[in-house]
Amino acid sequence: MIAAVAVLALDQASKLWLLFVFDIARRGAVKVTPFFDLVLAWNVGISFGWFQNDSQFAQISLMIIKAVAVIVLAIWMARSRTPLATIALGLIIGGAIGNGIDRFAYGAVVDFALFHLQIGGNTYNWYVFNLADVAIVAGVAAPAV
């Protein structure tokens with residue numbers, strides 16, 4: 001539970017700061033390093049921007065699916081017998097709740113981190129993501145290690 005709460009707190013704090021203190025919507029893309037920018041992207045779809053749909057029905061459906069997934073993961077976490085799996089499930093739960101809060105509050109998930117690489121005049125961008133996404137990916141990858 002500590003992992004879930006920590007992820008949720010860090011995720012929401014970063015998004016609130018970027019939206020309301022840093023005012024990323026007004027600033028636009030901010031170059032942090034030659035390969036990393038802060039940008040504002042509203043993701044109305046699911047992971048990696050799949051199934052983009054901003055209809056109210058689609059948003060409610062995604063919220064219900066996410067709520068069911070969090071409940072199933074919480075039950076799994078309660079039954080887990082290994083610390084690594086328990087922490088991994090906490091990371092996934094915290095990230096899912098963080099992105100769920102965005103969807104409820106804004107109608108879309110707030111994404112802001114953009115890694116990119118320039119090779120031979122071409123720019124290759126990774127998907128824009130947030131800290132909740134990082135926690136979900138780490139949680140999914142952890143038991144496989």
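Numbers for residues simply follow the sequence, beginning at 1.
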message = Ignoring hydrogens, what is the shortest heavy-atom contact between S80 and T82? Give both atom names and the distance.
response = OG-O, 3.3 Å
remark   = Distance col, row I93:CD1 vs W76:CH2, nearest 0.5 angstrom, shows 10.0 Å
Smallest separation among heavy atoms of F22 and R27, with atom names = O-NE, 2.7 Å
key: Distance (rounded to the nearest 0.5 Å) between W17 CH2 and D23 CG   = 10.5 Å
task = Indicate the ring-plane relationship of F115 and F129, choosing parallel, tilted or perpendicular according to the 30° and 60° boundaries.
result = parallel
query = Do you know the tightest heavy-atom contact between V44 and R103?
reply = O-NH1, 3.4 Å
query = Is it true that a side-chain atom of S14 and a backbone atom of L10 form a donor plus acceptor pair closer than 3.5 Å?
reply = yes
ask   = Are the side chain of N130 and the backbone of V110 linked by a donor-acceptor contact shorter than 3.5 Å?
value = yes
task = Supply the atom-to-atom distance T33 OG1 to D37 CG, rounded to the nearest 0.5 angstrom.
result = 7.0 Å
query = Is there a path from I119 to L114 through hydrophobic residues (I, L, V, M, F, W, Y) whose side chains come within less than 4.5 Å of each other?
reply = no
inquiry  = Are the side chains of V70 and I97 in contact, using a 4.5 Å heavy-atom criterion?
reply    = yes
Distance-minimising heavy-atom pair for G94 and V7 = C-CG1, 3.6 Å
message = Determine whether Q12 and L131 satisfy the following criterion, side-chain contact (heavy atoms from CB on, under 4.5 Å), listing intermediate values before the conclusion.
response = CA-CA 9 Å; Q12 289 298 297; L131 294 180; over 6 Å; no
ask   = Partners of R79 by salt bridge (charged side-chain N to carboxylate O under 4.0 Å, His left out), sequence neighbours excluded?
value = none
inquiry  = Test of understanding: clusters of I, L, V, M, F, W, Y form through side-chain heavy atoms closer than 4.5 Å, transitively. Do Y127 and V134 belong to the same one?
reply    = yes
ask   = Of the non-hydrogen atoms in A3 and I87, which two are nearest, and what is the gap between them?
value = CB-O, 4.0 Å
query = Looking only at heavy atoms, which two atoms of A132 and D11 are closest? And how far apart?
reply = N-OD1, 3.1 Å
ask   = In the single-linkage hydrophobic clustering (I, L, V, M, F, W, Y; side-chain heavy atoms under 4.5 Å), do V5 and L16 co-cluster?
value = no
ask   = How long is the span from the CE atom in M77 to the CG atom in L91, to the nearest 0.5 Å?
value = 10.0 Å
task = Carefully, step by step, assess I101 and L8 under the rule side-chain contact (heavy atoms from CB on, under 4.5 Å).
result = CA-CA 9 Å; I101 289 171; L8 177 59; 3.6 Å; yes
inquiry  = Could you measure the distance from the CD1 atom of I2 to the OG1 atom of T86? Nearest 0.5 Å is fine.
reply    = 12.0 Å
inquiry  = Rounded at 0.5 Å granularity, tell me how far CG in L19 sits from CD1 in I24.
reply    = 8.0 Å
ask   = Between N99 and K15, does a side-chain contact (heavy atoms from CB on, under 4.5 Å) hold up when you go through it step by step?
value = CA-CA 10 Å; N99 283 342; K15 292 170 182 174; 3.0 Å; yes
message = Would you call the rings of Y106 and F20 parallel, tilted or perpendicular, taking 30° and 60° as the class edges?
response = tilted
key: Test side-chain contact (heavy atoms from CB on, under 4.5 Å) applied to I71 - qualifying residues, sequence neighbours left out   = I75
